[in-house]
Every structure is written in structure tokens, then in C-alpha cells.
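The block underneath contains the structure these notes are about, expressed in C-alpha cells.
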Amino acid sequence: MLLQAADELQVIGLFDALRKKLSNAIKGFAHKEEEELEGSGSKQEEVAAADSPESKKEESALQREEPKKETMNGKKVEAAKNAKDAQHVVELGIATKIKSRFIGSVTLNEKEVDNFVDAIGKSMLESDVSYDTAAYFEQMLKNEVSGRKFSSNGIEEEMLGVVREALEKTLSETKGIDLLQFSKERVSQGMKPVKILFLGPNGTGKTTTIAKLAYMFKSSGIACVMAASDTFRAAAIEQTEFHANKIGVPVIKSTYGADPASIAFDAIAYAKAHGIDIVLIDSAGRQDTNKSLLKEMEKIVRVAKPDITLYVGESISGNAIAKQIMEFSKTIKIDGIILTKLDCDAKGGGAVSISHLTGIPILYFGTGESYDALVRYSPQFVVDSILPEPKAG
Ligand SMILES: Nc1nc2c(ncn2[C@@H]2O[C@H](COP(=O)(O)OP(=O)(O)OP(=O)(O)O)[C@@H](O)[C@H]2O)c(=O)[nH]1
Ligand SMILES: [Mg+2]
């Protein structure tokens, strides 16, 4: 049990790093563009000149001169500082900037699209989003940005909207079941009890998540029983019992060293005898490398025949979870992921990548230690946590 360890965990804002980095990358882009427009003047001739070969030659020269201009002009120091903080400065070419000023809209050329997409992708990599997922997202973003007309007045807000769309598409690749809905349907069809098995490495939050789900089901009028099938770790049975008593659901237990599969079997029999809708089956923490514990898990699956098997992993483990899940999947079919301790994960990149890497949907996020600290996964929730809604206008 990792009770002390959890006490030491630092609780932070969800997706802190991703939110800051992505917002900065978008702002870096827009502010840079606005600052340049300030200095570009508004002479009509400049529009006509913008596309001329001379202007194109000048364009790169101007860009090279920019740092000097920013240090010379006091007004621009703040913008330069912001851009430095953002670490990414995506620049529009001078021709695009001037055109945007007069035409009222702007379409990015190929280089500008690439610069923008690269900067956003880099922000994702720095927040521990996996390389594959970031590349997939970049392609989505590129498709959205290429050829698109942005209004010159609200480019930052529009860019924000485009990044949100691309992120939502990336996160919508896998679609998990709604556990509550699924269980209600099963129960209404008389197909009960619904059996849900929880597995994963040590200390990730399996038992706590079972308690959270029992609380959720009970609050929705669905009856549960807990199977204290971790007979391996010291105090595991008492921990399950503690939660069951606190929430007010029955628990089926045995002694340490008893066969976890037979406890699951007994809990299912108890549910059938008492008309209980759901059996939540705990298990001892195990690594994908521990062959004997994996064999034990196979036996639990064979005996209990779970309707749903959920992998419980810690968000702070990042993309390493994907590898573990793939290893577990060789032995046991995993239907969904519960990603716990998102509240302690400064980066949050794993939450964006794991489903892309494994093809297995995340069903819930654990966001704290209390029973109600469980958030149903949705791409919208992740997008909203990372990026603000664009302002209308
Ligand atoms: N901050 C935070 N802590 C959590 C969350 N989920 C679980 N915990 C804490 O993590 C610690 C371990 O949780 P357990 O539920 O015992 O984990 P487990 O996977 O059952 O552990 P083993 O049975 O030892 O394998 C506890 O102190 C929980 O309170 C979460 O979403 N956020
Ligand atoms: Mg446990």
C-alpha cells in the first residue's frame, strides 16, 4: 500500500505543462504577428509591393534583423520576452502579414504552416506526449491549417480553435464504453451481475478506483459487491473492507494466501444470490514481467469470466504505461484503461498518447483520493483542460 507515498505526491493543476506550452506556442505565433503588423505601417503601396520578387528577398533579410529591432525598440522588449518564454516563435512571412492587414484574412504559406505545426508539435513532445502521437496530431493540424483562411483580426482565437479541433480528433480515435450506461443496459436486460476485473502494477490505485466506482454505482442506484481478491499484499483485505464499509456495499473476502480466483467466484455467487448488479474484482498489483502473478491473473479471468477488464495505471508513468499494457495484453484482453493520479502529473502527455499507442480507450481519470475524484474520459474534457475555448468574435 502506498498511503504515505500518495501523501507526498504533489497535487497540481490537470495538464499544467501542456496547457502552458500549447497556449504559449499559439500566443507566440499571434503576438509576433501582431507586433510585426504594428511596425509594418499601413501604406497602400506596400500591399502591391508585397508579392514582388524584391519584397521576397527582403523578407528573409527582415526576419534576420528582427532580434536587433526588438532590443532597439523599447515597446518590443515585452513581446520578445513573451516569445522567449514561449520558446517558440512562429513567424508569418512579411508578404502574408501585409496582405492580411489589407485583405482582412490570411492564408498561411507552406513554410508558415510547417513552422506553426512544428512549434505546436514540439510543445507536445516537451509535455511527454509520445513521438508517434505528436506526429499524428501534427498531421491532423497540418490538414486543418493548410489552405484555411484566418481572419487577420482574430488569428490567435482562430488558431486556438484549429488546435482544439486537431487535438479532439487525435483523442477521438478510440471510443470506450460508458461503464454506467453499459451496466444499466445489462441490468435492464437481466444480464447480471456485470463482472468488472481490475489489474495493473503495484500501488497504481486499483483498490481506490474500485471504491470510487462502487460509490458512483451506488449513487446511481446500482448495487455492487467488492471481491477482496488481493490476498497477497499486507493489509490489502482490510483496505478493501474499509472502503466497502464506508461506502456501504458488501465485500467478499478470505484470508491472506487464499486463491484470488475462488474469492471472485464467491463474490459472483453472492451477487447472483442477492440480486446484486455489479461485481468489482480487485487484484494484487503485478508487473508485466512477473510470470507467476500473470498466471494467477489468467486463472482469475478463466474462473470469473469478467465482462470488462480494466487496466489501472498512473498518469505519472507517462508513455511507459503503453508498453506495460501491450505486455499485459499478450496474456489478458484489456478493454479499457483507468488513468489515476492525473492530479499529480505535471505534464499529462501520457493521457494524450496512451490510447493512440495501445488502441485501448481510457474510460476514467482518477483526479484525487476522494471517492468523487473520478472523471469520465472524453476528448472534450481533455481539450477543455488543456486549451481555453476561443472567444467568440
Ligand atoms: N492523488 C491521487 N491519489 C490516488 C489516486 N488514486 C489512488 N490514489 C492513492 O494512491 C495510493 C495507492 O492506491 P491503492 O488503491 O492502494 O493502489 P493499488 O493499485 O490498489 O495498490 P496495490 O494493491 O498495493 O497494488 C493510495 O494512497 C490512494 O489514495 C488519484 O487519482 N489521485
Ligand atoms: Mg490494491
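Position 1 is the first residue of the sequence, and the numbers go up from there.
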Next item on the list: Report yes if the side chains of Q324 and Q287 come closer than 4.5 Å at any heavy-atom pair, otherwise no.
Entry: yes
Item checked: E158 and R148 ion-paired at < 4.0 Å -> no
Checklist line | Pairing of D178 and R376 as salt bridge, 4.0 angstrom limit | finding: yes
Next item on the list: Dump the intermediate steps for side chain to side chain donor-acceptor pair (under 3.5 Å) on Q139 and N143, then the final yes or no.
Entry: CA-CA 6 Å; Q139 192 52 55; N143 295 344; 3.2 Å; yes
Notebook entry, point to check: For G121 and A134, which heavy atoms make the closest approach, and how far apart are they?
Noted result: O-CB, 4.4 Å
Check: If Ile, Leu, Val, Met, Phe, Trp and Tyr residues are connected whenever their side-chain heavy atoms lie under 4.5 Å apart, and connections chain through other members, are I360 and L357 in the same group?
Finding: no
Notebook entry, point to check: V279 versus C224: any side-chain heavy-atom pair under 4.5 Å?
Noted result: no
Check: Around atom CD of E110, are there more than 12 heavy atoms of other residues, nucleotides or ligands at under 6.0 Å?
Finding: no
Notebook entry, point to check: Between CZ of F365 and CG of L14, what distance do you get to the nearest 0.5 Å?
Noted result: 8.5 Å
Next item on the list: Look at the side chain of K142 and the backbone N and O of D114, then say whether any donor-acceptor pair between them is shorter than 3.5 Å.
Entry: no
Checklist line | Contact summary for F15 and S385, nearest pair of heavy atoms | finding: CD1-CB, 3.5 Å
Notebook entry, point to check: Please, which pairs that meet side chain to side chain donor-acceptor pair (under 3.5 Å) have at least one residue in residues 254-273, sequence neighbours excluded?
Noted result: E238-Y256, D259-K299
Notebook entry, point to check: If you draw a 6.0 Å radius around NZ in K192, do more than 12 non-hydrogen atoms from other residues or ligands fall strictly inside?
Noted result: yes
Check: According to the interplanar angle, ranging from 0 to 90°, do the rings of H356 and Y136 count as parallel (below 30°), tilted (30 to 60°) or perpendicular (above 60°)?
Finding: tilted
Note to self: Counting C-beta onward and ignoring hydrogens, is there a side-chain heavy-atom pair between T208 and E369 closer than 4.5 Å?
What the structure shows: no
Next item on the list: Taking all non-hydrogen atoms of both residues into account, name the closest pair between M226 and A214 and its distance.
Entry: CE-CB, 3.8 Å
Note to self: With a 4.5 Å cut-off on side-chain heavy-atom distances among I, L, V, M, F, W and Y, is there a chain of contacts connecting M140 to I120?
What the structure shows: no
Next item on the list: Start with the C-alpha distance between I337 and Y377, add both sets of side-chain angles, then the distance that settles side chain to side chain contact (heavy atoms under 4.5 Å, CB included), and finish with yes or no.
Entry: CA-CA 10 Å; I337 301 163; Y377 174 89; over 6 Å; no
Notebook entry, point to check: Applying the 4.5 Å side-chain criterion to the ILVMFWY set and letting contacts propagate, would I334 and V312 be lumped into a single cluster?
Noted result: no
Checklist line | CG on N290 to OG on S292, rounded to 0.5 Å | finding: 4.5 Å
Notebook entry, point to check: Per the side-chain hydrogen bond (donor to acceptor under 3.5 Å, both in side chains) rule, which among N319, T358, T170 passes with S353?
Noted result: N319
Check: Going by heavy atoms in the side chains, are D230 and S283 under 4.5 Å from each other?
Finding: no
Check: How many angstroms lie between atom CD1 of I300 and atom CD1 of I263, to the nearest 0.5 angstrom?
Finding: 8.5 Å
Next item on the list: Indicate, with yes or no, if I268 and V194 share a hydrophobic cluster defined by side-chain heavy-atom contacts under 4.5 Å among Ile, Leu, Val, Met, Phe, Trp and Tyr.
Entry: no
Note to self: As a quick check of understanding, evaluate side chain to side chain contact (heavy atoms under 4.5 Å, CB included) for F328 and M297, giving each step before the final call.
What the structure shows: CA-CA 10 Å; F328 267 106; M297 182 55 77; 5.7 Å; no
Item checked: CZ on F198 to CD1 on I338, rounded to 0.5 Å -> 5.5 Å
Item checked: Polar side-chain atom of R233 near backbone of T231 as donor-acceptor pair, under 3.5 Å -> no
Notebook entry, point to check: Around Y215, counting heavy atoms of other residues, nucleotides and ligands shown, do more than 12 lie under 6.0 Å from its OH?
Noted result: no
Note to self: With heavy-atom distances below 4.5 Å as the criterion, would you say the side chains of L387 and R19 are in contact?
What the structure shows: no
Margin query: I'd like to check L197 versus D307 (side-chain heavy atoms, cut-off strictly below 4.5 Å). Are they in contact?
Written below: no
Note to self: Looking at K347 and E126, is any side-chain nitrogen of the basic one under 4.0 Å from a carboxylate oxygen of the acidic one?
What the structure shows: no
Notebook entry, point to check: Pick from E165, E389, R164: which one makes a side chain to side chain contact (heavy atoms under 4.5 Å, CB included) with V383?
Noted result: R164
Item checked: Contact check, side chains of T204 and Y311, non-hydrogen atoms, under 4.5 Å -> no
Check: Out of curiosity, does I276 fall in the hydrophobic cluster containing I278 (side-chain heavy atoms, cut-off under 4.5 Å, transitive links)?
Finding: no
Next item on the list: Begin with the C-alpha distance, continue with both residues' side-chain angles, and end with the deciding distance and a verdict on side chain to side chain contact (heavy atoms under 4.5 Å, CB included) for L199 and L310.
Entry: CA-CA 6 Å; L199 64 89; L310 299 177; over 6 Å; no
Next item on the list: Check step by step if side chain to side chain contact (heavy atoms under 4.5 Å, CB included) holds for I252 and V225.
Entry: CA-CA 7 Å; I252 302 302; V225 57; 3.8 Å; yes
Notebook entry, point to check: What are the two closest non-hydrogen atoms of A267 and A227, and how far apart are they?
Noted result: CB-CB, 3.6 Å
Margin query: Side chains of D372 and S370 only: does a donor on one sit below 3.5 Å from an acceptor on the other?
Written below: yes
Check: Would you find a donor on one side and an acceptor on the other, under 3.5 Å apart, between the side chain of S317 and the backbone of A320?
Finding: no
Check: If every non-hydrogen atom of S315 is compared with every non-hydrogen atom of D345, which pair is closest and at what distance?
Finding: OG-OD2, 2.6 Å
Check: Do any N or O atoms from the side chain of K206 and from the backbone of P201 form a donor-acceptor pair under 3.5 angstrom?
Finding: yes
Notebook entry, point to check: Are more than 12 heavy atoms from other residues, nucleotides or ligands located less than 6.0 Å from atom CZ of F381?
Noted result: yes
Margin query: I'd like to check K218 versus V249 (side-chain heavy atoms, cut-off strictly below 4.5 Å). Are they in contact?
Written below: yes
Item checked: Reported NZ-to-NE2 distance for the pair K246 and H243, which is rounded to 0.5 angstrom -> 8.0 Å
Notebook entry, point to check: Is Y371 atom OH crowded by more than 12 heavy atoms from other residues, nucleotides or ligands, each under 6.0 Å away?
Noted result: yes
Next item on the list: Decide, yes or no, whether a salt bridge links D335 with K333 under the criterion of side-chain N to carboxylate O below 4.0 Å.
Entry: yes
Notebook entry, point to check: Hey, what do you get for CG (L18) to CG (D128), rounding to the nearest 0.5 Å?
Noted result: 9.0 Å
Item checked: A304 versus I281, closest heavy-atom pair with distance -> CB-CD1, 3.9 Å
